[in-house]
A.B. asks: 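Before anything else, here's the structure in question.
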Amino acid sequence: MARPSFQAPKGVAEYLPPDSADFLAVRDGLSEPAIRAGYLYAEVPVFEDTTLFTRGVGESTDVVSKEMYTFDDRGGRSISLRPEGTVGVIRATIEHGLDRGQLPVKLWYSGPFFRAERPQQGRYRQFFQVGIEAIGSEDPALDAEVISVAYRGYQGLGLTQFRLDLTSLGDKNCRPQYRELLVAFLADLPLDDATRKRAALNPLRVLDDKRPEMSEMLKDAPLMKNHLCKECDDHFASVCQHLDDLKIAYTIAPKMVRGLDYYTRTTFEFVHPLLGAQSGIGGGGRYDGLMAELGGQDLSGIGFGLGIDRTLLAIRAEQGTFKTNHLDLFIVPMESEARRAALIVADSLRTAGLLVDLSFGDRGLKGAMKAADKSGAQFSLVIGESELASGALSLKEMSTGELIPATMENLSELLLARRT
RNA sequence: GUGGGCGUAGCUCAGCUGGUAGAGCGCCGCGUUGUGGUCGCGGAUGUCGCGGGUUCGAGUCCCGUCGCUCACCCCA
């Protein structure tokens, strides 16, 4: 057999049968709670003006500074493949004036995102997310709703072992003061060069260093959570209260830091313990200044991005299963005249809403029945000379072998009544 | 971007100290005339990731390269 001369680009995730069904189940399972909560779908481009991301996500972030796919298009414009979803949705909201109507604007989206990182299990250069954004309200109940939508998504897919980490990153009133405190604290520590550099760029990010000696050193570091202004503190307390009301379990994680600069106040992350190094299965938070930064009204928003790839890995790690929808009927035409009838029958049953496939090519009866078996169809139906002549059909229930008398006229009715 | 492991049929893998490839599963067919799953028999498919090198001879040794994987980093 000829070896394929092309390979997929490095680090991309592909989902093909039979795994692709699981991918769809996860995507739909994560988006369903958003739809039920009144979020409306937004389809936005996978590439944008590069400056949208440098402005929105933040130039100092790794995501922007070293992981973006950036290129010039034929008109000499600098374009980047989207590394995350929020700023594109915000841009579209501003551009199309969605925020001129009733607030909050509630949107959901799903699709591929791109980051040029070294691939690893659960970390791909093209990966998939389901996300939501709720724009234009600072109500802490909205924060809780956003978190609950993610939480119920994971739950609905059968996940039980994930953890929700939660904290508040403060706002423009209290964060700068806290930052100074932290910088002063870090200045007294014997940091290595790389860490000191990080500290200069974004001191908060030093806090979630995983190395044991670092967490020892940072044991007594000042925490944002203890230096929130009154408004932020009240807001956070209220978010927690709402989550308690909803019986959503969370862990306060005061050292959690996210990789995107726009987060303020409520910030959260879903972590799965069975996933190894890439354990984040989703995360998000509030972004106070983002919309104004991108040229819109000064409205706050909150949203999340949930990783479809990682959620799928997490479900597999928990030995979870998916419900699959099987074919209702597999038709086996005996000879070529019967194939015309078989295709007509298949077409009309499909129109009636049934899932129908049939055997193609010159397969013998035995081979075609084998295909019927492999297809997973609930029923099979042989169509040949005698069926065409008499109009008497016999529908076979594959799991039991039972033959059920049928006619062309009552076939769809029968199948609809008996489908499982 | 840094470091470790790996790369043999569609899949999972075996191939000792170098002598031009195997198993199981899967796939296709047959087991007498129009009904699958079990069983039996038969069959197809590999430039042993790719490119160089050493050697009379390399899947097996060396170098490079591509990809996967694990950790760091980062994060979904």
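Here the structure is a predicted model, which is why all the values come from computation and not from measurement. We name chains A, B, ... by the order of the sequence lines, and we start the count at 1 in each one.
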A.B. asks: Could you verify whether a donor N or O on one side chain and an acceptor N or O on the other, from A/Glu84 and A/Tyr262, lie under 3.5 Å apart?
C.D. replies: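 A donor-acceptor contact under 3.5 Å links the two side chains.
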A.B. asks: Using nucleotides 37-40 of chain B, report all nitrogen or oxygen pairs with the protein that are shorter than 3.5 Å.
C.D. replies:
{"residue": "B/G37", "atom": "O4'", "partner": "A/Asp373", "partner atom": "OD2", "Å": "3.4"}
{"residue": "B/G37", "atom": "N2", "partner": "A/Ser399", "partner atom": "O", "Å": "3.4"}

A.B. asks: Do the two ring centres, one from A/Phe114 and one from A/Phe127, sit under 6.0 Å apart?
C.D. replies: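 For A/Phe114 and A/Phe127, the ring centres are not under 6.0 Å apart.
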A.B. asks: Restricting to ring pair (Phe, Tyr, Trp, His ring centres under 6.0 Å), what partner residues turn up for A/Phe128, sequence neighbours left out?
C.D. replies: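 Scan of A/Phe128 (ring pair (Phe, Tyr, Trp, His ring centres under 6.0 Å), adjacent residues dropped) gives A/Phe23.
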A.B. asks: Taking for each residue the nucleotide of RNA chain B bearing the nearest heavy atom, is the 5' side occupied by A/Gln120 or by A/Tyr124?
C.D. replies: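 Taking each residue's closest nucleotide, the earlier one in sequence belongs to A/Gln120.
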A.B. asks: Please name the nucleotide paired to B/C6 by Watson-Crick or G-U wobble geometry with both distances under 3.5 Å, or report none.
C.D. replies: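 Here B/C6 is engaged in a pair, and the nucleotide opposite it is B/G67.
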A.B. asks: Taking NZ, NE, NH1 and NH2 as the nitrogens, is one of them in A/Lys255 or A/Asp165 under 4.0 Å from a carboxylate oxygen of the other?
C.D. replies: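 Here A/Lys255 does not pair with A/Asp165 in a salt bridge, since their nearest N and O are not under 4.0 Å apart.
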A.B. asks: Salt-bridged, A/Asp49 to A/Arg91, with N to O below 4.0 Å?
C.D. replies: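 No, this pair does not count.
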A.B. asks: Among residues 61-71 of chain A, which ones have heavy-atom contacts with RNA chain B below 4.0 Å?
C.D. replies: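 Nucleic-acid contacts, sorted: A/Asp62, A/Glu67.
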A.B. asks: Nearest-nucleotide wise, let me know which of A/Leu403 and A/Gln129 is further upstream toward the 5' end of RNA chain B.
C.D. replies: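 Nearest nucleotide further toward 5': that of A/Leu403.
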A.B. asks: With the threshold set at 4.0 Å, does a side-chain nitrogen-carboxylate oxygen contact exist between A/Glu269 and A/Arg258?
C.D. replies: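 Looking at A/Arg258 together with A/Glu269, the answer is yes, because their closest N to O distance falls below 4.0 Å.
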A.B. asks: What does B/A14 pair with, Watson-Crick or G-U, if both distances are under 3.5 Å?
C.D. replies: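 Checking every strand shown, B/A14 finds no partner, since no pair has both distances under 3.5 Å.
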A.B. asks: Rounded to whole Å, how long is the line connecting atom CZ of A/Arg125 with atom P of B/U69?
C.D. replies: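 The answer, rounded to whole Å, is 12 Å.
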A.B. asks: Kindly check if the number of other-residue, nucleotide or ligand heavy atoms within 6.0 Å of OH (A/Tyr250) is above 12?
C.D. replies: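 Atom OH in A/Tyr250 is packed in, count exceeds 12.
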A.B. asks: Just checking, is any N or O donor in the side chain of A/Arg175 or A/Thr264 under 3.5 Å from an acceptor N or O on the other one?
C.D. replies: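 Looking only at side-chain atoms, A/Thr264 and A/Arg175 do not form any donor-acceptor pair under 3.5 Å.
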A.B. asks: Find the distance A/Leu365:CG to B/U35:C1' and express it as a whole number of Å.
C.D. replies: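 Distance, rounded to whole Å: 5 Å.
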A.B. asks: State which of B/G34, B/G3, B/C72 makes the closest approach to the side chain of A/Arg118.
C.D. replies: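 Nearest to the side chain of A/Arg118 among the choices is B/G3.
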A.B. asks: In this structure, how many angstroms lie between the C1' atom of B/G36 and the CG atom of A/Leu327, rounded?
C.D. replies: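 To the nearest whole Å, that distance equals 15 Å.
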A.B. asks: Between A/Asp143 and A/His235, is there a side-chain donor-acceptor contact under 3.5 Å, judged purely by atom types and distance?
C.D. replies: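 A/His235 vs A/Asp143: donor-acceptor pair found between side chains.
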A.B. asks: Can you identify which nucleotide, out of B/A71, B/A76, B/C68, has its nearest atom closest to the A/Ala277 side chain?
C.D. replies: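 For the A/Ala277 side chain, the nearest candidate turns out to be B/A71.
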A.B. asks: Counting side-chain heavy atoms from CB outward, which of B/A76, B/C68, B/C75 is closest to A/Lys10?
C.D. replies: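 Per side-chain heavy atoms of A/Lys10, the pick is B/C68.
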A.B. asks: Suppose we define a pair by two distances each less than 3.5 Å, Watson-Crick or G-U wobble; what does B/A21 pair with here?
C.D. replies: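 When the pairing criteria are applied, nothing turns out to pair with B/A21, so the answer is none.
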A.B. asks: Are B/A76 and A/Phe127 stacked, with the base six-membered ring and the side-chain ring centres under 5.5 Å apart and planes under 30°?
C.D. replies: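 The ring of A/Phe127 is stacked on B/A76.
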A.B. asks: Quickly work out the A/Gln7 CD to B/C68 C1' distance and round it to whole Å.
C.D. replies: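 It works out to 10 Å between those atoms.
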A.B. asks: Please report the distance separating the P of B/G51 from the corresponding atom of B/G59, rounded so that it comes out in whole Å.
C.D. replies: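 Going atom to atom, P in each nucleotide, I get 12 Å.
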A.B. asks: Do A/Gln161 and A/Tyr154 meet the criterion of a side-chain donor-acceptor pair at a distance under 3.5 Å?
C.D. replies: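 Absent: no donor and acceptor within the cut-off.
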A.B. asks: Go through residues 11-36 of chain A and report each residue with a non-hydrogen atom lying under 4.0 Å from RNA chain B, sorted by number.
C.D. replies: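 Of all residues in residues 11-36 of chain A, the ones placing a heavy atom under 4.0 Å from RNA chain B are A/Gly11.
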A.B. asks: Go ahead and name the base partner of B/C41; Watson-Crick or wobble counts if both distances stay under 3.5 Å, otherwise write none.
C.D. replies: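 Partner of B/C41: B/G29.
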A.B. asks: Could you walk me through whether A/Arg125 and A/Glu117 pass the side chain to side chain contact (heavy atoms under 4.5 Å, CB included) check?
C.D. replies: CA-CA 6 Å; A/Arg125 293 185 167 190; A/Glu117 298 178 273; 5.6 Å; no
A.B. asks: Among residues two or more places apart or on two chains, list those pairs meeting salt bridge (charged side-chain N to carboxylate O under 4.0 Å, His left out) that have a residue in residues 411-420 of chain A.
C.D. replies: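 For residues 411-420 of chain A: A/Asp328-A/Arg419.
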A.B. asks: Go through the N and O atoms of the side chain of A/Arg363 and the base of B/C28, and report whether any donor-acceptor pair is under 3.5 Å.
C.D. replies: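 Checked by distance alone, the answer is no.
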A.B. asks: For the pair A/Arg316 and A/Asp19, find out whether any cationic side-chain nitrogen is under 4.0 Å from an anionic carboxylate oxygen.
C.D. replies: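 Yes, charged N to carboxylate O under 4.0 Å.
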A.B. asks: Without decimals, in angstroms, what is the distance between A/Ile331 CD1 and B/G34 C1'?
C.D. replies: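 So the two atoms are 16 Å apart, to the nearest Å.
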A.B. asks: Compute whether any side-chain donor of one residue and acceptor of the other, for A/Ser110 and A/Gln129, lie under 3.5 angstrom apart.
C.D. replies: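 Absent: no donor and acceptor within the cut-off.
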A.B. asks: Identify whether the distance between the nearest side-chain nitrogen and carboxylate oxygen of A/Arg55 and A/Glu293 falls below 4.0 Å.
C.D. replies: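 Yes, A/Arg55 and A/Glu293 are salt-bridged.
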A.B. asks: Counting only side-chain N and O atoms of A/Gln121, is one of them less than 4.0 Å from OP1 or OP2 of B/C68?
C.D. replies: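 False: A/Gln121 side-chain N/O out of range (4.0 Å or more) of B/C68 OP1/OP2.
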A.B. asks: Between A/Arg286 and A/Ser300, does the side-chain hydrogen bond (donor to acceptor under 3.5 Å, both in side chains) criterion hold? Intermediate values first, please.
C.D. replies: CA-CA 7 Å; A/Arg286 186 165 277 284; A/Ser300 181; 2.7 Å; yes
A.B. asks: Without decimals, in angstroms, what is the distance between A/Arg163 CZ and B/A76 C1'?
C.D. replies: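 Going from CZ in A/Arg163 over to C1' in B/A76 covers 16 Å.
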A.B. asks: Tell me which residues in residues 105-117 of chain A lie within less than 4.0 Å of RNA chain B, going by non-hydrogen atoms.
C.D. replies: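 Heavy-atom cutoff 4.0 Å gives A/Arg115, A/Glu117.
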A.B. asks: Whole-Å distance between B/U33 P and A/Met334 CE?
C.D. replies: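 That distance rounds to 11 Å.
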A.B. asks: Taking atom P of B/C25 as reference, at what distance in whole Å does atom NZ of A/Lys374 sit?
C.D. replies: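 Roughly 13 Å, once rounded to whole Å.
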A.B. asks: Sort out the partner of B/G1 for me: Watson-Crick or G-U wobble, both distances under 3.5 Å, none otherwise.
C.D. replies: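 Per the H-bond distance test, B/C72.
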A.B. asks: Measure distances between side-chain N and O atoms of A/Arg310 and base N and O atoms of B/C75, and say whether any donor-acceptor pair falls under 3.5 Å.
C.D. replies: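 Check passes, donor-acceptor contact within cut-off.
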